[in-house]
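Beneath this line is the structure, given in structure tokens, with notes to follow.
Scope of the values below: all heavy atoms of this structure, side chains included, with no hydrogens, waters or symmetry mates. Residue numbers begin at 1 in each chain, while the letters A, B, ... track the order of the sequences.
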Number of protein chains: 2
Amino acid sequence: MQSREKEILKVAEKMVRKGGYNAFSFREIADKVGIKSSSVHYHFPTKADLGAAVAFYYTENFLDRLGNLDELIKARKDPIKTYIKVFRDALTKDKHMCLCGLLGAEVNGLPPEVAGQVKIFFERNIEWLTQAYLLKNGTTAAKKAAMHTLALLEGSMILSNVLGDIKVFDKSIDSLA
Amino acid sequence: MQSREKEILKVAEKMVRKGGYNAFSFREIADKVGIKSSSVHYHFPTKADLGAAVAFYYTENFLDRLGNLDELIKARKDPIKTYIKVFRDALTKDKHMCLCGLLGAEVNGLPPEVAGQVKIFFERNIEWLTQAYLLKNGTTAAKKAAMHTLALLEGSMILSNVLGDIKVFDKSIDSLA
DNA sequence: GTCTATAATTTGATAGAC
DNA sequence: GTCTATCAAATTATAGAC
């Protein structure tokens, strides 16, 4: 991927994480990147293409930040605590919602390509968490625990974001840690 | 409130719950109600006015459905189970996300009037749940439990909606019931 | 790869007639 | 209270020059 495309994706991600899929336009992105809107169309033909690409690279980056599960175990790090930290950092450092949490909320109004990528984010995260719970507790209820954790984290992000208080996030997820 | 305004609010709510604040327009609403877009402007001068009104009446209806807490206790009904049912019904009967859950996710991109109303939804719900936990358990950790429950329900709604499976909702919130 | 130019559509909003 | 008429701006998208 070229650096221009990276720039575009970065700007687009920020805008989507602020107000959802309909909160960005080719012109606005072009202005911020310093090119023309038609140039954005060159890299991403349609809005759905760009939206799906944003969701795809967000998922990749997110899983990268989680790191390799086996290595975490080897280093005697609690994978669940790592997982929580990645979520929390999104709220405190990026100062924005989880992109796929937001797009997940409005999934019924998204173009199929975008909705599909959002679904993949959730599937891959549940997969990661399920493995983490299996390694940690060896329980057969690992998948249920995974869905519980992901749901609680996404919901806590919304609560904390609306009420404008990071302590709300910490209190809501207290039972996880 | 007149019936026309009710009609407009009803149609608008449905559209917002599908794709967020930017997923409805005065023209689309007018078409579905059977009037002209300028007539919608008569009832709700600006889009922010309409958005805030939708959030306000959604909150009122939601709290109405919860019912009076003291009466629930008197009738020996578990208020938490009632609360969960109201959320679950939104997903199964209305077949849509919680309006304020969705708007809460994109709160950073909303006009202040709308964001304010969304915030009130969360405040009032935490209040209701806190009282419920106080009555049920008499615990001082009632507010924390309230935030946990609300966050988990909103997050579970997103998960279930994205993955297109109501069982995901039930599994995610299993620890609540 | 980025540009100019432009098209077609949609959008939020207003003025004034009935 | 609803309509017609209209507006300016924004939006997605395309064709073709450099």
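Distance, Phe26(A) CZ to dT6(C) C1': 17 Å, rounded to whole Å. In this structure, the NZ atom of Lys36(A) is 17 Å from the C1' atom of dG16(D), given to the nearest Å. The interatomic distance linking Glu113(B) (CD) with dG12(C) (C1') rounds to 14 Å, in whole Å. Here the P atom of nucleotide dT12(D) and the CZ atom of Phe44(A) are 15 Å apart, to the nearest Å. What separates CE of Met15(A) from P of dT11(D) is a distance of 8 Å, to the nearest Å. We find that NE2 of His43(A) is positioned 7 Å from P of dG1(C), with the value rounded to whole Å. Between Glu28(A) atom CD and dA9(D) atom P the separation is 16 Å, expressed in whole Å. In this structure, Lys47(A) atom NZ and dT9(C) atom C1' are separated by 14 Å, rounded to whole Å.
For dT2(D), the base has no donor-acceptor partner in the side chain of Ser38(B) [N/O atoms by modelled type, under 3.5 angstrom].
For dG1(C), the OP1/OP2 oxygens have no side-chain nitrogen or oxygen of Ser39(A) closer than 4.0 Å. Put simply, Tyr42(B) has a side-chain N or O that comes within less than 4.0 Å of OP1 or OP2 on dG1(D). Taking only side-chain nitrogens and oxygens, Arg4(A) never comes nearer than 4.0 Å to OP1 or OP2 of dG1(C).
Between the side chain of Ser160(A) and the backbone N or O of Asp165(A), at least one donor-acceptor pair lies under 3.5 Å. Asn161(B) places no side-chain N or O within donor-acceptor distance of the main-chain N or O of Ile158(B), the cut-off being under 3.5 Å.
Across dC3(C), dA13(D), dT11(C), the shortest atom-to-atom separation from the side chain of His41(A) is found for dA13(D).
Cation-pi geometry between Lys32(B) and Phe24(B) is not met: the NZ or CZ atom fails to fall both under 6.0 Å from the ring centre and inside 45° of the normal.
When all heavy atoms of Lys47(A) and Asn22(A) are compared, the closest pair comes out as NZ-CA, 4.0 Å.
At the heavy-atom level, Arg27(A) lies under 4.0 Å from base atoms of the strands shown. In this structure, Ser25(B) reaches the sugar-phosphate backbone alone: every heavy-atom distance under 4.0 Å involves primed, P, OP1 or OP2 atoms, never a base. Here Phe24(A) lies in heavy-atom contact (under 4.0 Å) with sugar-phosphate atoms only.
Ring centroids of Phe87(A) and Phe62(A) are separated by less than 6.0 Å, placing the two rings close together.
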